[in-house]
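Remarks on the structure that follows.
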Amino acid sequence: MKTTFHQRLVRLIKKIPRGKVATYGQIARMAGNPRAARQVVWVLNSSWEKEKLPWYRVINSKGQISLKPGQGYELQKSLLEKEGVLFDDHGRVNLERFLWTPLKI
DNA sequence: AACCTGACTTCGG
DNA sequence: TCCGAAGCCAGGT
């Protein structure tokens with residue numbers, strides 16, 4: 001049976017290695033739809049729990065955490081730092097260094 | 001079927 | 001480099 005876009009997103013998110021991050025757009029692009037970044041958000045919200053997704057490894061294209069302070073920002077940042085991901089003074093991650101880049105592409 | 005919404009992204013100024 | 005606007009996906013109501 002054919003895999004759905006949703007399933008591909010789930011699989012990709014599961015593959016993000018620790019110590020690395022991926023962007024919403026990147027995941028959507030790898031799943032086949034460059035413009036479905038917002039759909040990644042929906043997937044995370046709807047199934048991170050039952051699919052045990054490493055939700056905190058997904059950030060925005062600017063290299064920043066999209067969650068707002070008091071709404072998960074601190075938690076996500078600490079979880080990433082615990083894996084070795086570093087943030088600069090402006091809460092940005094150096095994507096050159098920490099972006100998950102599968103060898104293929 | 002229309003309208004709203006969200007952890008987005010890209011582009012122009 | 002920093003906004004703001006406009007574009008986009010699909011589920012929920």
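Just so we're on the same page: letters track the sequence lines, and every chain starts at 1.
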### salt bridge (charged side-chain N to carboxylate O under 4.0 Å, His left out) contacts touching residues 63-74 of chain A (sequence neighbours left out)
none
### Residues forming a side-chain contact (heavy atoms from CB on, under 4.5 Å) with A:W55, sequence neighbours excluded
A:L44, A:W48, A:L67, A:L75, A:Q76, A:L79
### Query
B:dG6 and C:dG7: how far apart are their C1' atoms, nearest whole angstrom?
15 Å
### Query
Is there any salt bridge (charged side-chain N to carboxylate O under 4.0 Å, His left out) pair reaching into residues 28-50 of chain A, and which pairs are they, with sequence neighbours excluded?
none
### Task
If a protein heavy atom is under 4.0 Å from the base, mark B; if only from the sugar-phosphate, S; if neither, -; do that for nucleotides 3-13 of chain C going 5' to 3'.
----BBBSSS-
### Task
Quick one: label A:T23 by what it contacts on the DNA or RNA (base, sugar-phosphate, nothing), any heavy atom closer than 4.0 Å.
sugar-phosphate
### Task
Could you list by number each residue of residues 81-97 of chain A showing a heavy-atom separation from DNA chain B of less than 4.0 Å, or answer none if no residue does?
none
### Task
Write down the distance between CD1 (A:I65) and C1' (B:dC8), rounded to a whole number of angstrom.
15 Å
### Message
For A:T4, is there any backbone N or O sitting under 3.5 Å from a side-chain donor or acceptor partner on A:Q7?
### Response
yes
### Query
Roughly, in whole Å, what's the span from CG in A:N60 to C1' in B:dG6?
13 Å
### Query
Is A:N45 near enough to B:dA7 that one of its side-chain N or O atoms lies under 4.0 angstrom from OP1 or OP2?
yes
Got a list of protein N/O to nucleotides 10-13 of chain B N/O distances below 3.5 Å?
none

